[in-house]
Amino acid sequence: MAGEMQKWVLMATAQTPTNIAVIKYWGKRNEDLILAINDSISVTLDPAHLCTTTTVAVSPTFDQDRMWLNGKEISLLGGRYQNCLREIRSRATDLEDEKQGIKITKKEWEKLHVHIASHNNFPTAAGLASSAAGFACLVFSLAKLMNVKEDQGALSAIARQGSGSACRSLYGGFVKWVMGKEENGSDSIAVQLADEKHWDDLVIVIAVVSSCQKETSSTSGMRDTVETSMLIQHRAKEVVPKRIVQMEDAIKKHDFAAFANLTCADSNQFHAVCLDTYPPIFYMNDTSHKIISCVEKWNRSAGTPQVAYTFDAGPNAVLIARNRKTAAELLQRLLFHFPPNSDTDLNSYVIGDKSILQDAGVQDMKDVEALPPPPEIKDKVPAPKCKGDVSYFICTRPGRGPVLLSDECQALLNPSTGLPK
Ligand SMILES: Nc1ncnc2c1ncn2[C@@H]1O[C@H](COP(=O)(O)OP(=O)(O)OP(=O)(O)O)[C@@H](O)[C@H]1O
Ligand SMILES: C[C@@](O)(CCOP(=O)(O)OP(=O)(O)O)CC(=O)O
């Protein structure tokens, strides 16, 4: 190592998106390696609105691996962090940084410690896939720092060992996690089906129903399902393989009706296997059910699906609209049924791509109050409004995969000390 006793710090910063599955992963065939019992397909969400930023640093002055998540130091001793660190280190290659005059050989990487600081710009462990963006970003940034030469597929197999759904966050657009057959998981990788430009009409609105930490983690929930549900076997063997083929076809052809029908059916079946688990798992709540019913009524009256809904391991709804016009109509319906509490500012109630709010013709609370009942319910007795049941809405769209951030201002670690800024 050049400059043996020097106090250099070498850093890399990356930004990685989160993703939402439209054909769900639920159930493992190998807990340690995180190998799934079925393939899954996801849409990567625009990192402009939901993303993880991670800075990794290496220095001869660091005496142990350390990590800070959202400003608080956390332990890296857990198996998932250890597995990702080990797999990335074993693939590190010789590196020469001419600017700082640093040379690190493959052998030296084994002994050097790293500091990691990460920040999620959305709630952590609240069913918004923070673990997916988080582990993908950890693996991607470490791979850049350590001059790992392997492709995204190989990196996805490492991120998978941090959290299954993380492997899909290594790509933008539409992504498939191929479950693979090998015992060692070498063929259990993510592949990109289409990039984010392929179907750029789609608009995504997330209703954050609750941002508190959930009761049953995905990991323990799916373990219980595999142990106790008979429905999950039927799902994994008979239902999902056919849906994967149909979903790939729907994406390829921009067939929104097929895409929406498959997405909603798969979300509903995932929650059905949660109910079929013993003890039963309830991820959705009354608000989630009301959102489903609002979308179903609209889709039925329109004669063809306008919006797809999907729910992960929590009550938050992810709603995918076929285009901007439908997204504006969706937002009008959501604000009609779920207006904010009187003390909430509309500006903080609808975040992300606010242009959808403008398209909906809603500028302030007066406009929200003046929204008419949606046509599909106008002749019926309207259900009482559910004021305050939604914490906030995020408007977003399909987005790109991980990127390196070269501007040092965006780094989360101090370049001279390697400690959080
Ligand atoms: N930025 C990050 N970097 C590294 N690890 C992270 C990061 N963010 C979250 N994690 C890890 O993921 C865990 C949260 O995962 P969990 O599955 O409980 O929630 P979630 O991913 O937000 O929700 P879900 O998977 O149900 O959509 C955290 O406790 C932490 O260990
Ligand atoms: C419902 C899901 O979001 C489950 C995600 O589970 P995780 O990937 O969080 O689970 P682990 O692999 O145990 O970390 C569906 C999906 O994203 O496919």
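Just so you know, ligand 1 is whichever comes first in the structure, and atom 1 is the first atom listed for that ligand.
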Flag the pair K111 and E108 as a salt bridge only when some basic side-chain nitrogen lies within less than 4.0 angstrom of an acidic carboxylate oxygen.
no
Is a side-chain donor-acceptor pair under 3.5 Å present for S165 with W177?
no
Hey, what's the ring geometry for W26 with Y283, parallel, tilted or perpendicular (30° and 60° as the breaks)?
perpendicular
Verify the ring-centre separation between W68 and H115: is it less than 6.0 angstrom?
yes
Is ligand 2 under 4.0 Å from a heavy atom in the side chain of T219, in the backbone, in both, or in neither?
both
How about CD on E98, more than 12 heavy atoms from neighbouring residues, nucleotides or ligands closer than 6.0 Å, or not?
no
N/O to N/O below 3.5 Å, does that happen between S131 and ligand 1?
yes
For F270 and F311, I'd like to know if the aromatic rings sit close, meaning centre-to-centre distance below 6.0 Å.
no
Above 12 or not: heavy atoms from other molecules or residues under 6.0 Å from NZ of K253?
no
Give the atom numbers and elements of ligand 2 that come within less than 4.0 Å of a heavy atom of I34.
12 (O)
Which ligand 2 atoms, with their elements, are less than 4.0 angstrom from a heavy-atom of M222?
6 (O), 10 (O)
Quick look: S118 vs ligand 1, heavy-atom contacts under 4.0 Å, and the answer is side chain
Could you establish whether L138 and ligand 1 come within less than 4.0 Å of each other, counting only heavy atoms on the residue side?
no
Angle between ring planes, F393 versus Y349, binned at 30° and 60°: parallel, tilted or perpendicular?
perpendicular
Proximal ligand 1 atoms for N120, defined as those under 4.0 Å from one of its heavy atoms:
1 (N), 2 (C), 7 (C), 8 (N), 9 (C)
Would you check if there is a donor-acceptor pair between the side chains of N19 and S169 at a distance under 3.5 Å?
yes
Would you give the length of the straight line joining atom CD1 of I116 to atom CG of L413, rounded to the nearest 0.5 angstrom?
9.0 Å
Given I20, D312, T124, identify the one with the heavy atom nearest to atom 28 (C) of ligand 1.
T124
Between L69 and ligand 1, which part of the residue brings a heavy atom under 4.0 Å of the ligand: side chain, backbone, both or neither?
side chain
Does K385 make a cation-pi contact with F338, if we ask for NZ or CZ under 6.0 Å from the ring centre and within 45° of the axis?
no
Taking atom 8 (O) of ligand 2 as the point of reference, which of A21, G162, S165, S217 owns the nearest heavy atom?
S165
Against heavy atoms of K28, which atoms of ligand 2 measure under 4.0 Å?
11 (P), 12 (O), 13 (O)
contact_flag F270 ligand 2 heavy-atom lt 4.0 Å
yes
Please identify which atoms of ligand 1 are closer than 4.0 Å to at least one heavy atom of M67.
3 (N), 4 (C)
Ligand 2 atoms in contact with S131 (distance to a heavy atom under 4.0 Å):
9 (O)
Under 4.0 Å, counting heavy atoms only: does S217 come that close to any atom of ligand 1?
no
Y25 N/O under 3.5 Å from ligand 2 N/O:
yes
Under 4.0 Å from one or more heavy atoms of S218, ligand 1 contributes atoms 25 (O), 26 (O)
Under 3.5 Å, is there a donor-acceptor pair linking the side chains of N70 and T124?
yes
State the atoms of ligand 2, each with its element, that fall below the 4.0 Å cut-off from a heavy-atom position in G164.
8 (O), 11 (P), 12 (O), 14 (O)
Ligand 1 contacted by R80 (non-hydrogen, < 4.0 Å):
no
Which atoms of ligand 2 have any heavy atom of R80 under 4.0 Å away?
11 (P), 13 (O), 14 (O)
At under 4.0 Å between heavy atoms, what of S130 touches ligand 1? The answer is both
Which of the numbered atoms in ligand 2 are below 4.0 angstrom from a heavy atom of S218?
6 (O), 7 (P), 9 (O), 10 (O)
Are D201 and R324 close enough that some pair of their side-chain heavy atoms sits under 4.5 Å apart?
no
Looking only at side-chain N and O atoms, does R80 offer a donor or acceptor that is under 3.5 Å from a partner on Q161?
no
Considering only heavy atoms of A313, which atoms of ligand 1 have at least one such atom less than 4.0 Å away?
26 (O)
Consider every N or O of K24 and every N or O of ligand 2, then say whether any pair is closer than 3.5 Å.
no
For R160 and ligand 2, answer yes if some heavy atom of the residue is under 4.0 Å from a ligand atom, otherwise no.
no
If we count only N and O atoms by modelled type, under 3.5 Å, do the side chains of N341 and T344 hold a donor and an acceptor together?
no
Check ion pair K181-D187 (N to O, under 4.0 angstrom):
no
Which part of S163 is near ligand 2, with near meaning a heavy atom under 4.0 Å away: side chain, backbone, both or neither?
both
Just distances here: any N/O of Y81 and N/O of ligand 1 closer than 3.5 Å?
yes
